[in-house]
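Heads up, the thing below is written out as structure tokens.
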Amino acid sequence: MPPLPEPTLGDTPWFMHDRFGMFIHWGLYALPARHEWVKSQERLTDAQYQFYFDHFDPDLFDPSAWAKAARAAGMKYVVITTKHHDGFCLWDTQQTDYKAPNTPAQRDLLRAIVDAFRQEGLRIGFYYSLIDWHHPDFTIDIFHPLRDMPDATDLNQPRDMGRYAAYLRAQLGELLTQYGQIDILWCDFSYPDRVYNGLPGKGHQEWQSDLLYQEIRRLAPHIILNNRLDLQKIAPDFYTPEQYQPQTWVQVNGKPVVWEACQTFSGSWGYHRDETTWKSPEQLIHLLVNTVAAGGNLLMNVGPTGRGIFDPRAEKALAAYADWMQLHSRSIYGCTQSDFTAPSGVRYTQNGNRLYVHLLHYPFRHVQLPGLAGKVAYAQFLHDASEIRFKEAHAGRSWDEDVLSEDAILLSVPVPKPDVITPVIELFLK
Ligand code: GLC
């Protein structure tokens with residue numbers, strides 16, 4: 001097995017075992033339905049954005065349906081946006097009035113979501129935006145909707161990031177004490193070097209990250225914390241490549257780290273009505289396989305609509321995972337990068353002496369796997385446990401010297417591709 005990341009204070013073993021989670025981005029931006037950054041992108045004022053607060057009425061909201069879909073898809077944990085960059089809070093926070101109970105939704109939506117996912121046996125993670133485009137003390141910066149106001153610098157005068165940092169601590173205090181055990185904290189994000197027209201970026205100084213970190217650990221000693229707090233001396237528990245597919249185990253300063261890729265079905269995180277760049281079922285499965293094959297987790301995002309449901313495109317995407325995971329989860333849970341090198345068109349995941357051969361491009365009749373001669377006791381398709389016969393080369397005398405390298409095995413697969421998105425062969429190593 002490849003070298004493991006050094007342990008941190010957070011409880012990462014369950015996380016690395018479970019491999020697959022659901023990200024949920026849900027908030028007022030589901031109503032404009034044109035990206036969760038709409039307030040920033042369109043430079044909307046608070047007054048303009050207020051329409052979405054006044055009309056946020058998710059009348060079909062049924063979090064147990066979300067949780068059932070996640071479980072069916074094989075997802076083992078959920079990370080939910082408690083507050084996104086627009087500052088709107090899904091829970092009944094005492095720190096602001098800008099929260100779900102004061103919208104037509106009239107209740108603590110976070111609590112309902114947490115309860116529903118727990119009920120389905122998933123672990124709970126909280127996404128929490130460090131950025132806040134609503135809070136009066138949050139200074140205008142490169143991403144703020146008011147950044148292009150001619151008097152932005154003057155507007156910043158009364159704003160006090162010290163008070164805002166206290167607000168962050170108070171809110172995280174609520175989130176980490178009032179909702180039972182929270183396993184993941186996903187803070188988002190820092191940009192200390194992004195200066196815009198003289199307006200500074202934000203990082204550990206503005207968030208008072210060290211203090212915040214102490215508070216987080218005091219309240220939740222084993223929570224696993226991501227890498228976006230701009231912590232200076234403390235190693236985060238995991239790293240978060242975003243909409244990007246690492247090809248090998250993610251390293252930081254030359255050492256492997258725990259990592260989780262976050263991906264979308266369509267490019268936007270919040271519900272986006274007009275987006276057409278939805279990934280195919282095959283691409284979705286490949287994202288999962290490629291990630292686990294490189295020792296990582298996949299956090300796949302859903303953006304529920306303003307009515308409070310998953311739209312049909314999201315349901316279809318989740319169904320692709322459900323169908324495939326029902327038969328193939330053994331090649332995902334508890335699996336990691338293999339020391340064997342897979343040939344092109346193939347990805348390996350491994351769990352002990354089971355080596356999973358993911359056929360990303362279904363081959364014609366044969367699959368040649370170098371480096372495995374003499375090492376395989378038995379082989380079968382994972383989806384139906386049907387035997388896959390194989391031949392080995394022997395030192396100096398190949399089964400077919402033209403095509404088979406000496407240390408390879410040659411698997412025979414049926415000509416028609418099995419009726420699964422990505423077929424997997426399970427090898428039992430000796
Ligand atoms: C980003 C974006 C954001 C999204 C997040 C998920 O940093 O600001 O909208 O929530 O990534 O990774």
Side-chain angles (χ1 to χ4, degrees), residues 15 20-44 49 52 75 77-90 110 113 125-135 138 140-145 147 168 171-172 175 184-194 196 201-204 206-207 209 224-231 236-246 250 257-273 275 277 279 287-288 291 296-304 314:
F15 181 70
F20 192 26
M22 175 180 275
F23 216 172
I24 299 180
H25 277 67
W26 196 46
L28 302 183
Y29 44 78
L31 297 192
R34 49 184 191 269
H35 204 274
E36 76 283 357
W37 275 59
V38 60
K39 191 178 184 192
S40 169
Q41 287 171 350
E42 298 180 12
R43 289 142 175 88
L44 303 178
Y49 203 73
Y52 310 129
M75 294 157 164
Y77 58 95
V78 63
V79 178
I80 165 88
T81 50
T82 58
K83 170 187 103 165
H84 204 262
H85 306 336
D86 63 4
F88 174 69
C89 301
L90 276 188
L110 182 64
I113 294 168
F126 284 164
Y127 168 107
Y128 180 77
S129 173
L130 300 166
I131 299 169
D132 193 318
W133 299 324
H134 178 79
H135 197 285
F138 188 90
I140 298 166
D141 62 19
I142 184 166
F143 302 124
H144 197 283
R147 61 189 170 279
L168 293 183
Q171 286 212 314
L172 281 173
L175 289 170
I184 303 170
L185 182 60
W186 220 104
C187 292
D188 199 32
F189 64 82
S190 302
Y191 43 103
D193 303 327
R194 302 292 298 276
Y196 181 74
K202 291 186 175 64
H204 68 101
E206 287 71 25
W207 319 133
S209 295
I224 57 178
L225 177 66
N226 72 341
N227 64 326
R228 297 191 181 188
L229 258 174
D230 191 32
L231 289 167
D237 297 301
F238 69 107
Y239 287 78
T240 54
E242 177 175 332
Q243 308 226 33
Y244 166 74
Q245 177 67 70
V250 174
V257 292
V258 178
W259 65 276
E260 176 196 63
C262 49
Q263 303 282 1
T264 59
F265 289 149
S266 70
S268 171
W269 301 89
Y271 175 63
H272 196 312
R273 183 189 58 204
E275 192 146 47
T277 54
K279 296 173 181 74
L287 278 177
L288 178 60
T291 298
N297 280 35
L298 177 63
L299 186 63
M300 183 48 83
N301 181 73
V302 185

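Computation of the quantities below employed the complete heavy-atom set of this structure, encompassing side-chain atoms and omitting hydrogens, waters and symmetry-equivalent molecules. First listed ligand is number 1; within each ligand, the first listed atom is number 1.
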Is the Trp186 ring parallel, tilted or perpendicular to the Phe23 ring (thresholds 30°, 60°)?
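The rings of Trp186 and Phe23 sit tilted, inter-plane angle from 30° to 60°.
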I need the atoms of ligand 1 closer than 4.0 Å to a non-hydrogen atom of [X], numbered in the order shown.
X	value
Trp37	2 (C), 3 (C), 8 (O), 9 (O)
Tyr127	10 (O)
His25	4 (C), 10 (O)
Cys262	12 (O)
Trp186	12 (O)
Asp188	1 (C), 2 (C), 3 (C), 4 (C), 5 (C), 7 (O), 8 (O), 10 (O), 11 (O)
Phe189	7 (O), 8 (O)
Glu36	3 (C), 9 (O)

Between [X] and [Y], is the ring centroid distance below 6.0 Å?
X	Y	value
Phe88	Tyr49	no
Trp37	Phe143	yes
His144	Tyr196	no

Which residue owns the protein heavy atom closest to atom 8 (O) of ligand 1, what's the atom, and how far is it?
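Among all protein heavy atoms, the one nearest atom 8 (O) of ligand 1 is His85 NE2, 2.7 Å.
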Closer than 4.0 angstrom, basic N to acidic O: yes or no for Lys83 and Asp132?
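Judged by the 4.0 Å cut-off on N to carboxylate O distance, Lys83 and Asp132 do form a salt bridge.
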Could you tell me whether [X] approaches ligand 1 through its side chain, its backbone, both or neither, with non-hydrogen atoms closer than 4.0 Å?
X	answer
Ile131	neither
Phe143	neither
His35	neither

Name the one of Asn227, Asn226, Asp188 that satisfies side chain to side chain donor-acceptor pair (under 3.5 Å) with Thr240?
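That would be Asn227.
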Would you say Tyr191 and Asp141 are linked by a side-chain donor-acceptor pair, where the criterion is simply a distance under 3.5 Å?
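The answer is yes; a qualifying pair exists.
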Looking at non-hydrogen atoms alone, which of Glu242, Gln243, Glu260 comes nearest to atom 12 (O) of ligand 1?
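When every heavy atom of Glu242, Gln243, Glu260 is considered, Glu242 comes closest to atom 12 (O) of ligand 1.
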Does atom CZ of Arg273 have more than 12 heavy-atom neighbours, drawn from other residues, nucleotides or ligands, at distances under 6.0 Å?
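Not buried by this count: 12 neighbours or fewer within 6.0 Å.
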Take every heavy atom of His84, measure it against each atom of ligand 1, and state whether any distance is under 4.0 Å.
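In this structure, His84 qualifies as a contact of ligand 1 - some heavy atom is under 4.0 Å.
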If you round to the nearest 0.5 Å, how far is NE2 of His272 from OG of Ser266?
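Rounded to the nearest 0.5 Å, the OG-NE2 separation comes to 7.5 Å.
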